[in-house]
Amino acid sequence: MRSKADVAIVGAGPAGLLLDHLLHREGLSVVVLEAKTRRYLETSPHRIRAGVMEWGTREILVQVGLGEGLLQNGYEHQGIYLAHAGELRRIDFPSLAEGWRIWVYGQQYLVRDMIARFLEEGGEILFEHEVIGLENLASAPRVRYRTPEGREAELEATFVVGADGSHGRMRAFIPGLSLKERVYPFAWLGILAEAPPAADELIYASHPRGFALFSMRSKTLARNYLQVSPEENLEEWPEERIWEELNLRLEGVAQVQPGPLLEKSLTPHRAFVAEPMQYGRLFLIGDAAHVVPPTGAKGMNLAVADAVALFQAFWAFFKTGDEAKLSRHTETCLEHVWQGEYFSYWMTHLLHTHPDPFREGLRQAEIKQVLASEPLQRFLATNYTGHHTTGRWVGTLA
Ligand SMILES: Cc1cc2nc3c(=O)[nH]c(=O)nc-3n(C[C@H](O)[C@H](O)[C@H](O)COP(=O)(O)OP(=O)(O)OC[C@H]3O[C@@H](n4cnc5c(N)ncnc54)[C@H](O)[C@@H]3O)c2cc1C
């Protein structure tokens, strides 16, 4: 492998892989270091994660030549359903969000597509190479990593990108970094099952027993979630109980058909925003810098927006030596990050049964207003489809 690169990227998630594709196609030398194996990224049930792409994400990926798999195997959805008090209301995206829709395609499939494409084009991804330290970030960074054999080695790079996810260590190398955090009193018990989805589009169900989300990865794979306590014990949720509870929370509007479970997980809801997202020649993107609760389906989309923003700043630097965009990386990204945080916060509180009776009363009032008000539905649709997040970046890549 090389001992020098223009850009070293830590982490082969959607953020790191998209940035790496954009830089590589402009002829820059990029090395991606990823702690896990390729097989783990592409097949582990722990990496199933996101499935909803904003229209902006879809447009960007197609425009930069990463659309083949998602166009062949993904699905366009023109709306979502909101279920409340036995009523099912469809939120029609094209009419409310200036023609924008969403695209359903699993994050794991996208990661698989991006890895294959990058390697085909001669790119370098070092799997099972864990980054353990960064040095000299102010002028000439060095990345210390451990090889699969346990040997320690170094890579020199003009810039380093921390795309190492929410549990990553790269943000610890930013002196004075602060985290603005929120812990929500909610968690999702998620399942992936070989079963037909409950409906043709996602159903977000508000119910006194707790929120439930009915989504899908394909016409035969259902991805469903139940609101539970963050302290919930998954052992107490055998398959039959999960299906029974899903159907209770859908009562009167639809029914789900049980099928074999492929995965079961617990995701406590939390959020944070790290500031600044840069120091010297280190830049953070994606979950390494910010996390949202999953309700608004914003996490992967914000990762895409950050990657496009940082690519443009790098490109300005490598083409003309202009560092102005790089110096504003934090401010540029925080613009869409806080839009994503705000919408995720709003949608999470709108839909989850709150343990505090006063907050729950407010929530009931709010959801009735949303179901009755076209301006509020327009607000939901424009945010959900990504006007204020990846929408900022559509059409900015030549
Ligand atoms: C249950 C669930 C459902 C979700 N649903 C949605 C959705 O519908 N829509 C949406 O937009 N988002 C969703 N998200 C969020 C989305 O999955 C994340 O926002 C997205 O993965 C962020 O991408 P990333 O590239 O920043 O980080 P990651 O995907 O976490 O990638 C980081 C990579 O860095 C590697 N790494 C970490 N440390 C090191 C190291 N020291 N050295 C080398 N490599 C390292 C990791 O192994 C990992 O591969 C969901 C998340 C969950 C958990």
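Numbering of ligands and ligand atoms starts at 1, following listing order. Values in this document were obtained by computation on a predicted structure and should not be read as measured data.
In this structure, of Ala50, Gly133, Gly16, the residue bringing a heavy atom nearest to atom 13 (C) of ligand 1 is Ala50. Between atom 1 (C) of ligand 1 and the options Ile102, Thr267, Leu17, the minimum heavy-atom separation is to Thr267. Remark: among candidates Met170, Arg47, Lys36, Glu263, the nearest residue to atom 48 (C) of ligand 1 is Arg47, based on non-hydrogen atoms.
Put simply, the residue from His129, Glu42, Glu128, Arg47 that forms a side-chain contact (heavy atoms from CB on, under 4.5 Å) with Lys36 is Arg47. Remark: of the listed residues Tyr204, Phe211, Trp346, Phe211 is the sole one forming a ring-ring contact (aromatic ring centres under 6.0 Å, His included) with His352. A side-chain contact (heavy atoms from CB on, under 4.5 Å) with Phe186 is found for one member of Thr295, Thr348, Thr267 and no other, namely Thr348.
At least one heavy atom of His129 sits under 4.0 Å from some atom of ligand 1. Within the 4.0 Å heavy-atom cutoff, Met53 does not count among the residues contacting ligand 1. By the 4.0 Å heavy-atom criterion, Gly190 is excluded from the residues contacting ligand 1.
Residue contacts with ligand 1: Arg169 is placed with no nitrogen or oxygen under 3.5 Å of a nitrogen or oxygen of the ligand (distance criterion only). Between Arg49 and ligand 1, at least one pair of N/O atoms sits closer than 3.5 Å. Between Met300 and ligand 1, a contact under 3.5 Å exists for at least one N or O pair. Residue Arg223 places no N or O, backbone or side chain, under 3.5 Å from any N or O of ligand 1. Backbone and side-chain nitrogen or oxygen atoms of Gln107 are examined, and one is located within less than 3.5 angstrom of a nitrogen or oxygen of ligand 1. Residue contacts with ligand 1: Gly51 is placed with a nitrogen or oxygen under 3.5 Å of a nitrogen or oxygen of the ligand (distance criterion only). Ligand 1 has no N or O atom lying under 3.5 Å from any N or O atom of Gly168, backbone or side chain. For the pair Ala303 and ligand 1, the shortest N or O to N or O distance does not fall below 3.5 Å. The shortest N or O to N or O distance between Gly286 and ligand 1 is not below 3.5 Å. Residue Asn301 places at least one N or O, backbone or side chain, under 3.5 Å from an N or O of ligand 1.
Within ligand 1, counting atoms from 1 as listed, the ones closer than 4.0 Å to a heavy atom of Gly299 are 10 (C), 11 (O), 12 (N), 15 (C), 19 (O). Using a 4.0 Å cut-off to heavy atoms of Val52, the atoms of ligand 1 that qualify are 8 (O), 9 (N), 11 (O). Heavy-atom contacts of Val10 reach the following atoms of ligand 1: 40 (C), 42 (N), 43 (C) (cutoff under 4.0 Å). Those atoms of ligand 1 with a heavy atom of Leu41 less than 4.0 angstrom away are 49 (O). Those atoms of ligand 1 that come under 4.0 Å of a heavy atom in Ala15, given as number and element, are 25 (O), 26 (O).
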- Item | Pair Lys298-Glu54, salt bridge (charged side-chain N to carboxylate O under 4.0 Å, His left out): steps then yes or no | CA-CA 8 Å; Lys298 287 282 160 271; Glu54 295 175 350; 3.0 Å; yes
- Show your reasoning for whether salt bridge (charged side-chain N to carboxylate O under 4.0 Å, His left out) applies to Arg359 and Glu366. CA-CA 10 Å; Arg359 294 291 302 264; Glu366 189 173 20; over 6 Å; no
- Message: Between Glu26 and Lys319, does the salt bridge (charged side-chain N to carboxylate O under 4.0 Å, His left out) criterion hold? Intermediate values first, please.
- Response: CA-CA 10 Å; Glu26 297 298 344; Lys319 212 169 140 196; over 6 Å; no
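The aromatic rings of His46 and Tyr40 sit parallel, their planes meeting at an angle under 30°, below the 60° perpendicular limit. Relative ring orientation between Tyr105 and Tyr109 is described as tilted, the plane-to-plane angle lying within the 30° to 60° band.
With 3.5 Å as the limit, one finds a donor-acceptor pair spanning the side chains of Gln364 and Glu360. Side-chain atoms of Asp306 and His336 include a donor-acceptor pair closer than 3.5 Å. Side-chain contact, Glu76 with Gln78: a donor N or O sits under 3.5 Å from an acceptor N or O. Under the 3.5 Å distance criterion, with hydrogens and angles disregarded, no donor-acceptor pair is assigned to the side chains of Trp237 and Glu245.
Side chain of Arg363 to backbone of Leu350: a donor-acceptor contact under 3.5 angstrom is found. At least one donor-acceptor pair closer than 3.5 Å links the side chain of Asn301 to the backbone N or O of Val52.
Scanning the protein heavy atoms around atom 31 (O) of ligand 1, the nearest turns out to be Gly13 CA, 3.4 Å. Distance from atom 18 (C) of ligand 1 to its nearest protein heavy atom, with residue and atom name: Asp287 OD2, 3.3 Å. Scanning the protein heavy atoms around atom 37 (C) of ligand 1, the nearest turns out to be Asp164 O, 3.2 Å. For atom 23 (O) of ligand 1, the nearest non-hydrogen atom of the protein is Pro14 CD, 3.4 Å. Considering only non-hydrogen protein atoms, atom 42 (N) of ligand 1 sits nearest to Val131 N, 2.9 Å. In terms of protein heavy atoms, atom 49 (O) of ligand 1 is closest to Glu34 OE1, 2.7 Å. Here the protein heavy atom with the shortest distance to atom 27 (O) of ligand 1 is Gly165 CA, 3.7 Å. Closest to atom 44 (N) of ligand 1, if we only count protein heavy atoms, is Ala35 N, 3.0 Å.
Aromatic ring centres of Phe118 and His24 lie closer together than 6.0 Å. For Phe317 and Phe159, the ring centers are positioned less than 6.0 Å apart. Ring pair Phe93/Trp55: centre-to-centre distance not below 6.0 Å.
The cluster map of Ile, Leu, Val, Met, Phe, Trp and Tyr, joined by side-chain heavy atoms under 4.5 Å apart, puts Trp243 and Leu266 in the same cluster.
In this structure the side chain of Lys264 reaches within 4.5 angstrom of the side chain of Ile242, judged on heavy atoms.
When heavy-atom distances to ligand 1 are checked against a 4.0 Å cut-off, Arg146 has no atom that comes that close, whether in backbone or side chain. Contact annotation: for Lys298 versus ligand 1, heavy atoms closer than 4.0 Å belong to the backbone alone. When heavy-atom distances to ligand 1 are checked against a 4.0 Å cut-off, Ile132 has no atom that comes that close, whether in backbone or side chain. At a 4.0 Å heavy-atom cut-off, ligand 1 touches Ala163 through the backbone alone. With a 4.0 Å cut-off on non-hydrogen atoms, Ile48 does not touch ligand 1 at all.
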